[in-house]
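Here is how names work: the chains are called A, B, and so on, in the same order as the sequence lines, proteins then strands, and each is numbered from 1. Heavy-atom basis, side chains included; hydrogens, waters and symmetry copies ignored.
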Number of protein chains: 2
Amino acid sequence: MYLKNLPHKTVERLSQYRRALLLTLSKEKTHVFSHEIALMLHITPVQVRRDLMLIGYSGNLRKGYDIKELIELIGRIVDTEKGQRVAVIGLGNLGKAFISYFKGKRNKLTIIAAFDVNPEKINRGFDGVTVYHINSLVEVVKKHNISIGIITVPADQAPDIAEALVEAGVKGILNYSPKPLNVPPYVYLEEYDMITSLEKVAFFAKKNDERFK
Amino acid sequence: MYLKNLPHKTVERLSQYRRALLLTLSKEKTHVFSHEIALMLHITPVQVRRDLMLIGYSGNLRKGYDIKELIELIGRIVDTEKGQRVAVIGLGNLGKAFISYFKGKRNKLTIIAAFDVNPEKINRGFDGVTVYHINSLVEVVKKHNISIGIITVPADQAPDIAEALVEAGVKGILNYSPKPLNVPPYVYLEEYDMITSLEKVAFFAKKNDERFK
DNA sequence: CATAAATTGTTGAAAAATTAACAATTGTTG
DNA sequence: CAACAATTGTTAATTTTTCAACAATTTATG
């Protein structure tokens with residue numbers, strides 16, 4: 001399903017809608033109102049309606065939106081038909097956290113391999129994912145046609161890993177190391193730093209507190 | 001240091017600037033140009049200059065910005081003078097990852113306690129952080145005047161934890177569980193879901209790929 | 001010492017994102 | 001069956017964010 005260019009933020013929210021809807025869906029509850037979705041995502045109902053308008057979904061004027069249908073539709077926009085394969089590079093606490101947390105949550109994305117330098121971890125598998133030595137990254141990624149890499153190695157190793165991933169032909173990288181990376185424009189890069197996130201919370205917590213005092 | 005209201009996005013970037021600058025600072029390199037900062041954050045030089053203008057920092061026309069001074073100044077805006085204390089709730093892989101990753105990286109934020117249900121982990125300490133049973137959360141948070149909580153427990157437990165944190169008087173919550181929470185307006189809440197992030201990468205990787213084909 | 005090159009600081013324009021407003025619809029209630 | 005209440009879908013207005021343009025300044029260069 002190809003939609004005319006959706007706004008960047010709308011795409012981000014679509015994933016979030018789906019996540020919230022999956023948590024909401026139950027026998028008793030088959031429909032949901034825009035304001036219910038809004039409440040869960042801490043946004044306004046208008047925004048929800050606007051986003052759904054953009055993807056061409058119509059709800060029922062009295063009952064709201066059909067949860068199942070909407071989940072289905074978001075899938076057709078967000079997912080690729082054939083699915084995408086994912087590798088986690090770095091099997092420290094964060095890598096492990098990602099793998100176990102992800103397990104079985106989405107069916108169009110599959111974590112198919114993990115990489116580490118520690119010989120004890122290699123070839124053992126973790127939570128059903130095979131663990132390879134980092135030296136064979138390019139080879140394995142190519143062989144299994146992995147298109148997305150998640151970097152959870154320490155900062156100093158991150159640039160090399162990124163380079164290897166690009167060489168191996170991945171289309172997207174999610175970087176959890178604090179080291180800013182540079183990749184060619186045809187590879188999509190997203191960076192997330194937990195400390196920055198915490199600092200943001202700290203800042204607004206402080207500000208919020210002053211405001212409500 | 002209190003600045004007139006900085007744009008939300010600018011605040012987010014200030015943390016990122018500081019992170020990048022900390023990684024850049026060295027004996028040989030004492031100054032940095034706007035386009036160098038921009039490159040690291042994948043934004044434009046104009047945006048960097050604009051942000052710095054907003055916080056009232058002036059660079060040297062020929063040498064660029066003094067890295068040390070700038071780090072210092074960002075600190076005075078972003079940090080609180082006395083510092084803030086942080087607790088991590090849930091000592092699974094993610095909680096551990098956060099704690100070890102954070103260790104020694106910032107001096108105005110201190111992770112002072114962790115909480116878990118597993119009796120084996122309790123009272124042992126992890127990476128220098130004392131681990132308590134979750135039942136004593138309210139008590140410990142109050143006692144140590146902890147103002148920020150990081151939630152890394154499974155989804156079903158998250159709402160209870162959030163409630164307890166609010167009761168204990170934290171000012172900000174960083175939620176890594178996939179369950180959307182609701183807290184009173186005087187508590188700042190930030191939510192991050194790794195799967196949503198991965199989905200975003202997957203979507204734009206796909207799109208990017210089509211564009212460059 | 002004049003010219004060129006590089007960079008900052010800033011204003012104003014442009015683009016993106018959010019919000020407000022409201023008609024249209026549909027069930028409900030007195 | 002008329003008035004009301006609740007909700008969607010959509011357009012228009014507003015706000016926020018980004019970007020482009022350029023004067024001003026400084027150093028280097030011939």
Review point. Only one of Leu174(B), Ile173(B), Asn175(B) clears side chain to side chain contact (heavy atoms under 4.5 Å, CB included) with Glu190(B); which?
Key: Leu174(B)
Exercise for review: Answer yes if the side chains of Tyr17(B) and Asp51(B) hold a donor-acceptor pair under 3.5 Å, and no otherwise.
Suggested key: yes
Point to revise | Pairing partner of dG30(C) (Watson-Crick or G-U wobble, both distances under 3.5 Å) | key: dC1(D)
Check your understanding: Does a donor on one side chain and an acceptor on the other come within less than 3.5 Å for Glu191(A) and Tyr176(A)?
Key -> no
Point to revise | Passing candidate, side chain to side chain contact (heavy atoms under 4.5 Å, CB included) with Leu70(A), options Ile74(A), Ile67(A), Asp66(A) | key: Ile74(A)
Study note, to complete from the structure: Per-nt protein contacts along nucleotides 24-30 of chain C (heavy atom under 4.0 Å; B base, S backbone sugar-phosphate only, - none) come out as -BBS---
Point to revise | Asp193(B) and Tyr101(A): side chain donor to acceptor below 3.5 Å | key: yes
Check your understanding: Stepwise, does the side-chain hydrogen bond (donor to acceptor under 3.5 Å, both in side chains) test hold for Glu69(B) with Tyr57(B)?
Key -> CA-CA 9 Å; Glu69(B) 272 180 28; Tyr57(B) 186 66; 2.8 Å; yes
Review point. Across all strands, who's sitting opposite dA6(D) as a Watson-Crick or G-U wobble pair, both distances under 3.5 Å?
Key: dT25(C)
Check your understanding: Going by number, which of residues 198-205 of chain B have a non-hydrogen atom under 4.0 Å from DNA chain C?
Key -> none
Review point. Taking the inter-plane angle between the rings of Tyr192(B) and Tyr192(A) on a 0 to 90° scale, is it parallel (under 30°), tilted (30 to 60°) or perpendicular (over 60°)?
Key: parallel
Check your understanding: Rounded to the nearest 0.5 Å, how far apart are CZ of Phe115(B) and CG of Leu137(B)?
Key -> 4.5 Å
Review point. In terms of ring plane angle, is the pair Tyr188(B) and Phe204(A) parallel, tilted or perpendicular, where the classes change at 30° and 60°?
Key: parallel
Review point. Which nucleotides of nucleotides 17-23 of chain C have their base under 4.0 Å from a protein heavy atom (B), which only their sugar-phosphate (S), and which neither (-), written as one string 5' to 3'?
Key: SSBBB--
